[in-house]
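In what follows, a single structure is set out as structure tokens and then discussed.
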Amino acid sequence: MKKVIMGNHALSYGAMLARSQVIAAYPITPQTQVVELLSEMCADKTLDAKFIKVESEHSAMAACIGASVAGARTFTATSSQGLALMHEMLHWASGGRLPVVMGDINRSMGPGWSIWTDQNDSLSQRDTGWMQYYCASNQEVLDTVIQAFKVSERLAIPSMVILDAFALSHTYEVVDIPDQAKVDEYLPPFRPQVRLTPDDPHAFGGLTSPEHYFELRYKLQKDMEKAPGLIEETGREFETMFGRYLGLVDDYLCDDADIILVTSGTAGYTARVAVDDMRKSGIKAGNLRIKVFRPFPFEHVRRIVKNAKKVAVVDRNISYGHHGMFFQEVKSALYGHDDSLPVFGFIAGLGGRDITPSTFREIADIALSKDRPEEEIIWIGVKR
Amino acid sequence: MKKPRTMKLSLPDEELVGSGNLACQGCGATLAMRYVLKALGQRTVLCIPACCWSVIDGPFPHSCLDVPVYHCAFETAASTASGVKAGLEMVGDTETTVVAWAGDGGTFDIGIQALSGAAERNDDIIYVCYDNEAYMNTGIQRSSATPFGAWTTTTPVKHFKNRPKKDIDAIMAAHRIPYIATASIAYAEDVYKKAKKAKDIQGTRFLHIYAPCPTGWKSRPEDSIRLARMVVQNSIFPLYEIENGEKYTLSIKVKDKKPIHDYLKLQGRFRHLTEDQIKFMQEEVDKNWARLLRKVESSD
Ligand SMILES: Cc1ncc(C[n+]2csc(CCOP(=O)(O)OP(=O)(O)O)c2C)c(N)n1
Ligand SMILES: [Mg+2]
């Protein structure tokens, strides 16, 4: 069934179709509609789930962790300050190997208070052991929630499904809402190997000496390394059943491109408008949208940029004192593989400043006009 | 021949706490767990945040408890337990008793927000706070449960704690939860009875158990039970129940209330106190006791 819905509701529908059993969440702009719709669904029994109306995001994640270890499929959503408040618990979920799925609406971190989009909230959590999917359309949001549960539950690793504030969260698009029966076929019920139950008592997460801790983390990384293959496998399965492929990256006209604009989130689709324009004026441009940031799709990035002459990575985030974070990661993927390829790092759109096709045109012009980057990072549109 | 008499046990002989645990000698928290689990039985799950009990239970892969344990983050005993309860119900287990088991620091201080949230929602959990009146796990730092006058490693003798212990039971009563009880490990049957009563009530139940810590109090391990009895008899820590936030009932009616002096003298943490300071403390104890009696009387 096709419906015109906002990005936030795409998250809610995804969580509903995945038959989430426990939801614990706390409101924050611009996430509120996600949990408002879910509480309605729980109230009118469209969704058979318990909604714990916690008093903070910290408790939201703690409650999700409790529910997940008890064996229930668990969902939450947050944004910015809320995600930062959860930080400790993000480690607890991944370290405890609990497949919680969470929506994060990318919103800039205060101060000053900002409700508009950038990626510093989610990217500040990149080393917490969560998978991160950056979505570019409401359809992708909904589909990815369902896929994320499947991947998370197979690997016992939590997932964050990420979308831009307002550009997606509050933007209405036509979304195909899949049949419940088909989703049930795609996503079987959650049946963890071990769970918290008096029928089989165990202690979870007790004091772990250097004798054991190291191996637990090794295993987390090893399972994370299985994720790229599994995301592609479950993405193809999704395509067979629903007609839409869900992969690690999404590349557009990259095969013969001289310059590839690397983006994430909705900026990806804006970049494509610029790519089309440039192509019309004879510039061979392409766009690589990195959808999955953790695990990082090393191979795909290497393969796709292989024939390009220039790569321009556009970051709506910054690691202060270093670079934009996608820029860091793209360079690290290329290191030792193609050290001669010039990779330019651009910072744009912090705090929700618009990124338009002309932003990308400006970025491409800078990259094309120089042999190699002359600055560590290039700021676009900043008033100095 | 006459049939030999059998000893009448005042508590069930089933033990859910194993002897191979890591408690210090004279640990009150361990006895608290032992008595509470005797009452709650094996269909119980525990959520234990950072506290001495996260050590006492034993390191991975061991556990001295015959019930499942989820070791959770310091401030999340209540919120984790709320999640566990919801999760168990969603997978068809409505029988299991879900317990948040935390120290005074995890309850009075860092975990109070999550606890208040769970209590306000009246989530169906038993929250047990074993109170040893400081952060013992990290080396005897003060908590808001530390009493006036006490030495801790962050309230050195020259700057001993100069604020009263937070009245957590009154805070919990203000949430109008169905059941609150104070208990002390010197009164094992009373602990047992209250845990049993809590088990059969729905909603958020709060047990506050006085649990001496010889290591942190600089007292003798063999005095733990004595101190836990004296603290009730001098009414520093009276035993009572609060139902629905308003009906107060005394569990032990102290007839001749003892002065606090002897109790203080058995603990190194109070050794620096002058007679004047002790007199002031006695007056505070008397006022608190009178206040409690007024609440009990007005509930009748
Ligand atoms: C967020 C966080 N802050 C601090 C700590 C360190 N910490 C662990 S246990 C503890 C004190 C626990 O005190 P209490 O709850 O009274 O339990 P006890 O150790 O006395 O049994 C502290 C401060 C922690 N684990 N997590
Ligand atoms: Mg303590």
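Below, chain A is the first sequence line, B the second, and so on; all start at residue 1.
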Bottom line for Asp200(A): the part with an atom under 4.5 Å from chain B's heavy atoms is neither
Closest non-hydrogen contact found for Ser12(A) with Leu38(A) is O-CD2, 3.6 Å
| query | Under 4.5 Å between any side-chain heavy atoms of Val161(A) and Asp104(A), yes or no? | reply | no
Between the CD1 atom in Ile140(B) and the OH atom in Tyr135(B), the distance rounded to the nearest 0.5 Å is 14.5 Å
On a heavy-atom basis, the closest approach of Thr74(A) and Phe149(A) is O-CE2, 3.5 Å
Side chain to side chain contact (heavy atoms under 4.5 Å, CB included) between Glu133(B) and Tyr210(B), intermediate numbers included:
CA-CA 9 Å; Glu133(B) 304 197 312; Tyr210(B) 193 77; 3.8 Å; yes
Do Gln147(A) and Tyr133(A) come close enough that some side-chain heavy atom pair is under 4.5 Å?
yes
The interface call for His202(A) against chain B, heavy-atom contacts under 4.5 Å, is backbone
Chain B shares the most heavy-atom pairs under 4.5 Å, among Ala72(A), Ala62(A), Ser59(A), Ala49(A), with Ala62(A)
Whatever's closer than 4.5 Å to a heavy atom in chain B on Glu88(A) counts as side chain
Contact list (residues 81-94 of chain B to chain A, heavy-atom gap under 4.5 Å, by number) returns Ser82(B), Gly83(B), Val84(B), Ala86(B), Gly87(B), Leu88(B), Glu89(B), Met90(B), Val91(B), Asp93(B)
Smallest heavy-atom separation, Cys72(B) atom then Thr76(B) atom, equals CB-OG1, 3.4 Å
To the nearest 0.5 Å, atom OG of Ser63(B) lies from atom CD1 of Ile56(B) at 12.0 Å
For residues 21-48 of chain B against chain A, heavy atoms under 4.5 Å, the residues are Gln42(B), Arg43(B), Thr44(B), Val45(B)
So CD1 of Ile168(B) and NE2 of His208(B): to nearest 0.5 Å the spacing works out to 7.5 Å
Discussion item. What I'd like to find out is whether the side chain of Ser10(B) reaches to under 4.5 Å of the side chain of Tyr192(B), using heavy atoms alone.
Written reply: no
Per-residue tally against chain A (heavy atom, under 4.5 Å) across Ser79(B), Pro68(B), Pro59(B) peaks at Pro68(B)
Turns out that what part of Val69(A) lies under 4.5 Å from chain B's heavy atoms comes down to side chain
**Asked** Is there side-chain contact between Leu142(A) and Pro178(A), with heavy atoms separated by less than 4.5 Å?
**Response** yes
Which of Lys194(B), Lys197(B), Arg205(B), Arg176(B) passes salt bridge (Lys or Arg N to Asp or Glu O under 4.0 Å) with Glu243(B)? Answer is Lys197(B)
Please check this pair: side chain of Asn8(A) against backbone of Pro30(A), looking for a donor-acceptor N/O pair closer than 3.5 Å. yes
Ordered numerically, the heavy-atom neighbours of chain A under 4.5 Å found in residues 109-131 of chain B are Gln113(B), Ala114(B), Gly117(B), Arg121(B), Asp123(B)
To the nearest 0.5 Å, atom CD of Gln81(A) lies from atom CH2 of Trp113(A) at 4.5 Å
Within residues 182-196 of chain A, the residues sitting under 4.5 Å from chain B by heavy atom, in sequence order, are Arg195(A), Leu196(A)
The reported gap from CZ in Arg142(B) to OG1 in Thr153(B) (rounded to nearest 0.5 angstrom) is 11.5 Å
Interface check, chain B: of Leu207(A), Ile65(A), Asp199(A), Val22(A), most non-hydrogen pairs under 4.5 Å belong to Leu207(A)
On a heavy-atom basis, the closest approach of Ser224(B) and Ile185(B) is O-CD1, 4.4 Å
Residue pair Gln125(A) / Thr128(A), side-chain donor-acceptor N/O under 3.5 Å = no
Report, as yes or no, whether the 6.0 Å neighbourhood of atom CD on Gln202(B) holds more than 12 heavy atoms from other residues, nucleotides or ligands.
no
Output for pair (His91(A) NE2, Asp127(A) CG), nearest 0.5 Å, gives 7.5 Å
If one checks every heavy atom of Met89(A) against chain B at 4.5 Å, the contacting part turns out to be side chain
*asked:* For the NZ atom on Lys193(B), are there more than 12 heavy atoms of other groups (residues, nucleotides or ligands in this structure) within a distance under 6.0 Å?
replied: no
Side chains of Asn137(B) and Ser54(B) in contact at under 4.5 Å (non-hydrogen atoms): yes
Note: vs chain B, highest number of non-hydrogen pairs under 4.5 angstrom among Ser56(A), Gly206(A), Ser209(A), Ala24(A) is Gly206(A)
